[in-house]
Peer 1: 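I have a structure here, written as structure tokens, and I will follow up with some questions on it.
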Amino acid sequence: MSDMRQVLAAAVCEGLESLGLPVPDVQIERPARPEHGDWSTNAALVLARQVGRPPRDIASDLATRLDSIGVPHLDRVEVAGPGFVNFRLAPTWLQELLVDVVHAGVAGYAAPDLGRGATVQVEFVSANPTGPLHVGNGWLGSYGDAVGRLLQRCGWQVTREYYVNDTGGQIRSLGTSLLARRRGESVPEGGYQGDYVADLASRYSGPDTSYPAPPSQDDVVAAGRWAADRILAQIRSTLDRMGILFDSWYSQASIEDGGAVADTISLFDHKGLCYVDQGALMLRTTDFGDSRDRVLRKSEANGGDYTYLAGDLAYHRNKFLVRGFDRVIDVFGADHHGQVASLKAGVEALGVDPGRLDIRLGQMVSLSDGGDSVMMSKRSGNFVPLHQLVDQIGPGVTRLLSLVSSIDQATTVDLAAVRSQSADSPVYYVQYAYARISAIHRVRQQRSIPLDPIHTVQLSLLTHQRELDLLSGLSQLPEVVAVAARELAPHRVTAWARELAGRFHGFYHDCRVMGDNVDPALTQARLWLVVAAGIGLQIGLALLGLAAPETMLSSELPEAPATAPPDPALAPAPASVDPAAAPPDPAAGTAE
RNA sequence: GCCCCUGUAGCUCAGUUGGAUAGAGCGGCUGCCUUCUAAGCAGCGGGCCGCAGGUUCGAGUCCUGCCGGGGGCGCCA
């Protein structure tokens, strides 16, 4: 596998050393403008001050030296601008890359082993089962899911987990609301007002509370748990539709019932980190950077229950010390910002290196409908549920919409605009490119055109700018995947996939693969280029959790696009292509 | 008051550890289907990258200060 950046970096180092110059942090970058070459380095600019010579002098010395070193594929070295050294490569570079892509296949290309088998738990969504998911849950859901796919591709052992908050006051409140509805009474202040509660109440066959006596605590909890189970099933089904998958659903009640909260607190106590203040049991989180100490167990006057933090720390003790994850990523909404400092402090108090805990806050998603903002309040029951949006625009469009921008960016979803533009969604742009690739392979088979083994094909015929642009796009995927995984930023993959689809459409338009006017040798080269583009798109689409459809007929475009559910089989689909032998089925392994 | 995120084209957003003349989609206008799907391609128009300083050979990107937007600072979860 030829990593051009490394090859060039090594050459630049060698060149500088042979000139007797110090070797700085050599940066090899891809210039934005084609006239600046395929790659460039700023080494001369960085060195200028240190050495006390004009940057262009250094650059031109370096350029002549590099010319004589004999770097593979290097066509020309030029000095430009304030002192850049620009590299222009021969097309052989990209033709060789094509072979690399085909050999590596979907499973092997752009799969840097960054995790080296370390375990990572990604916890996300974790919405309370007291009502349907809202759109914001969906956004962070596809984010967490995509992060899981990315890390998995990059050599981590990933566990995606939903923490089910199935205990405590919210469940009681849900039970109270349910029973009130069942008796035909209005839901009490602070209860859950949504229609789904009335709906559930009509189906609840629990204790008959139609008699005047008030329901007991047991009745309330039983009703609440019953309702939470039903709601959780709905949540699951919505997430399934969007291809947001979990390996584990972890019950908060199971933690509390197992006594883990008490165990965790006694662990703190043994370390001398606890004290009692006004009847409440406190944890010295200020010892670990928090702005104030936090309550673990409320005073008797306040009910004497454990706080949410105590449960959360027990849960994190479970993650790090019981299940032993090397790394934990918590994906929260920005409205949980207030708990970050105490959670991090508490984890450190457990004796865990806080660097192993990564808390990612997703900024808020707000909705508007043609300019009027739409409120989202679960308790009032006045909000747009995620499943409704999915019904309207389809899971694929919803999913990609949530993966185009960074989660650091607060977004406003204009429902009116999204509905009217869903047919123009970038997801179709990318999927259509894949469908075109599939169509080319279908037609090839229909016309009984053979696909010769790649080592017998004249890839040097691939010199059209469109062909080279497409290959250049493919060459960027490994670094895009690596950066996206490092920054936990799947939207970078989205940007790449759109870009690559664009390059493919351009190629498709200008470069006919098969036909009477096309030299058969060129057909062969282009067919392999199409195979490679398909591999790249499959990788990108799988990372984003989107289907790679073999056909998209415009007659099926109508107003309500019913996108097939995304591939549940996760990232690297096992569609390896044997480059030496038979023609591949471009869509193998990405079935629905 | 303090903490986190953020301000880029009419709208929604990209912009790779600071790189050369800032990009895409949508919307507007104009061309291109006898060929492997026009859900496509090509072109035109659209910008004081919130403002002001600073660091640097070089700042949309880093630092400081203002201005604007969102979120958070519970014995709630």
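Each chain gets a letter, A, B and so on, in the order the sequences are listed, and its residues count up from 1.
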Peer 1: Roughly how many Å is it from CG in D516(A) to C1' in C36(B), rounded to a whole number?
Peer 2: 13 Å
Peer 1: Between U17(B) atom P and R30(A) atom CZ, what is the distance in whole Å?
Peer 2: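 Rounded to whole Å, this separation is 14 Å.
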Peer 1: Verify the stacking flag for F84(A) against A20(B): centroid separation must be under 5.5 angstrom and the ring planes must differ by under 30 degrees.
Peer 2: yes
Peer 1: Can you check whether D519(A) reaches R526(A) side chain to side chain, under 4.5 Å on heavy atoms?
Peer 2: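 SC-SC contact between D519(A) and R526(A) ruled out.
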Peer 1: List in numerical order all residues of residues 490-498 of chain A for which some heavy atom is under 4.0 Å away from an atom belonging to RNA chain B.
Peer 2: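 Listed by number, they are H491(A), R492(A), A495(A), R498(A).
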Peer 1: Take atom NE2 of H337(A) and atom C1' of G71(B), then tell me their distance rounded to the nearest Å.
Peer 2: 9 Å
Peer 1: With ring centroids as reference points, do Y315(A) and Y250(A) lie under 6.0 angstrom apart?
Peer 2: yes
Peer 1: Got a donor-acceptor pair under 3.5 Å from the side chain of N42(A) to the base of A20(B)?
Peer 2: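 Flag unset: no donor-acceptor pair detected.
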Peer 1: What is the nucleic acid contact for R466(A), judged by heavy atoms within less than 4.0 Å: base, sugar-phosphate only, or nothing?
Peer 2: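 Sugar-phosphate: the residue R466(A), judged by heavy atoms under 4.0 Å, touches backbone atoms but no base.
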Peer 1: Supply the atom-to-atom distance F268(A) CZ to L273(A) CG, rounded to the nearest 0.5 angstrom.
Peer 2: 7.5 Å
Peer 1: Give A417(A) one of three labels, base, sugar-phosphate or nothing, depending on what nucleic acid heavy atoms sit under 4.0 Å from its own.
Peer 2: nothing
Peer 1: For RNA chain B, whose closest nucleotide is more 5', that of A280(A) or that of V483(A)?
Peer 2: V483(A)
Peer 1: Could you work out which one of U35(B), U37(B), C57(B) sits closest to the side chain of R512(A)?
Peer 2: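 Looking only at side-chain atoms, R512(A) lies closest to U35(B).
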Peer 1: Does any N or O donor sit under 3.5 Å from an N or O acceptor when you compare the side chain of N302(A) with the base of C75(B)?
Peer 2: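 Flag set: donor-acceptor pair detected.
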Peer 1: Is there, by distance only and without an angle test, a donor paired with an acceptor across the side chain of S299(A) and the base of C75(B) below 3.5 Å?
Peer 2: yes
Peer 1: In this structure, how many angstroms lie between the C1' atom of U37(B) and the NE2 atom of H505(A), rounded?
Peer 2: 11 Å
Peer 1: Among G74(B), U37(B), A20(B), find the nucleotide with the atom closest to the side chain of R294(A).
Peer 2: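 Nucleotide nearest to R294(A)'s side chain: G74(B).
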Peer 1: Which whole-number value in Å describes the distance from Y508(A) OH to C36(B) C1'?
Peer 2: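 So the OH-C1' distance, Y508(A) to C36(B), works out to 4 Å.
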Peer 1: Between D277(A) and M514(A), which has a closest nucleotide on RNA chain B that is more 5'?
Peer 2: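 This one resolves to M514(A).
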Peer 1: Heavy atoms under 4.0 Å, any strand shown: does E487(A) hit a base, just sugar-phosphate, or nothing?
Peer 2: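 Contact class for E487(A): sugar-phosphate only.
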Peer 1: OP1 or OP2 of C73(B) versus the side-chain N and O atoms of R292(A): is any pair under 4.0 Å?
Peer 2: no
Peer 1: Counting only side-chain N and O atoms of R33(A), is one of them less than 4.0 Å from OP1 or OP2 of A22(B)?
Peer 2: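 Checking A22(B) against R33(A), no side-chain N or O comes under 4.0 Å of OP1 or OP2.
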Peer 1: Please check the phosphate of A38(B) (OP1 and OP2 only) for any side-chain N or O of R436(A) closer than 4.0 Å.
Peer 2: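 Result: yes.
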Peer 1: For Q278(A), report the nucleic acid contact type (base, sugar-phosphate, nothing); a contact means any heavy atom under 4.0 Å.
Peer 2: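 Here Q278(A) touches the bases of the nucleic acid.
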Peer 1: So which nucleotide from U37(B), A39(B), U6(B) ends up closest to the side chain of R442(A)?
Peer 2: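 So the nucleotide nearest the side chain must be U37(B).
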Peer 1: If you look at every strand shown and take non-hydrogen atoms under 4.0 Å, does S291(A) touch a base, only sugar-phosphate, or nothing?
Peer 2: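 The residue S291(A) makes no contact with any strand.
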Peer 1: Within the 4.0 Å heavy-atom criterion, would you say Y308(A) contacts the bases, only the backbone, or no part of the nucleic acid?
Peer 2: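 Contact class for Y308(A): base.
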Peer 1: Can you tell me the distance, in whole Å, between the CG atom of D424(A) and the C1' atom of C11(B)?
Peer 2: 14 Å
Peer 1: Are R436(A) and Y508(A) in a cation-pi contact, defined as NZ or CZ under 6.0 Å from the six-membered ring centre and within 45° of the axis?
Peer 2: yes
Peer 1: What's the CD-P distance between E78(A) and G19(B), to the nearest Å?
Peer 2: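 Distance check: E78(A) CD to G19(B) P gives 21 Å.
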Peer 1: In terms of side-chain heavy atoms, does D293(A) have a donor or acceptor partner in Y275(A) at a distance below 3.5 Å?
Peer 2: yes
Peer 1: With a 4.0 Å cut-off on heavy atoms, is Q421(A) in touch with a base, just the backbone sugar-phosphate, or nothing at all?
Peer 2: sugar-phosphate
Peer 1: Hey, do the aromatic rings of H505(A) and Y432(A) have their centres closer than 6.0 Å?
Peer 2: yes
Peer 1: Can you tell me how far P of C3(B) sits from CG of D335(A), to the nearest Å?
Peer 2: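 To the nearest whole Å, that distance equals 20 Å.
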Peer 1: With a 4.0 Å cutoff (strictly under), does any side-chain N or O of K298(A) reach OP1 or OP2 of C76(B)?
Peer 2: yes
Peer 1: Side chains of H316(A) and D330(A): do they bring a donor and an acceptor to under 3.5 Å?
Peer 2: yes
Peer 1: Can you check the distance between A38(B) and C32(B), where both ends of the measurement are the P atom (answer in whole Å)?
Peer 2: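 Taking atom P in both A38(B) and C32(B), they lie 16 Å apart.
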Peer 1: Can you tell me if Y428(A) touches the phosphate of C26(B), counting only side-chain N or O atoms and a distance under 4.0 Å to OP1 or OP2?
Peer 2: no
Peer 1: Within the 3.5 Å criterion, strictly below it, is a donor on T285(A) or S342(A) matched to an acceptor on the partner's side chain?
Peer 2: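 No, no side-chain donor-acceptor pair sits under 3.5 Å.
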Peer 1: For a quick check of understanding: with a heavy-atom distance under 4.0 Å over all strands, which category does D293(A) fall into, base, sugar-phosphate or nothing?
Peer 2: nothing
Peer 1: Classify S406(A) by what it touches in the nucleic acid, base, sugar-phosphate, or nothing, heavy-atom distance under 4.0 Å.
Peer 2: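 The residue S406(A) makes sugar-phosphate contact but no base contact.
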Peer 1: With stacking defined as ring centroids separated by under 5.5 Å and planes differing by under 30°, is H509(A) stacked against A42(B)?
Peer 2: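 Aromatic stack with A42(B) absent for H509(A).
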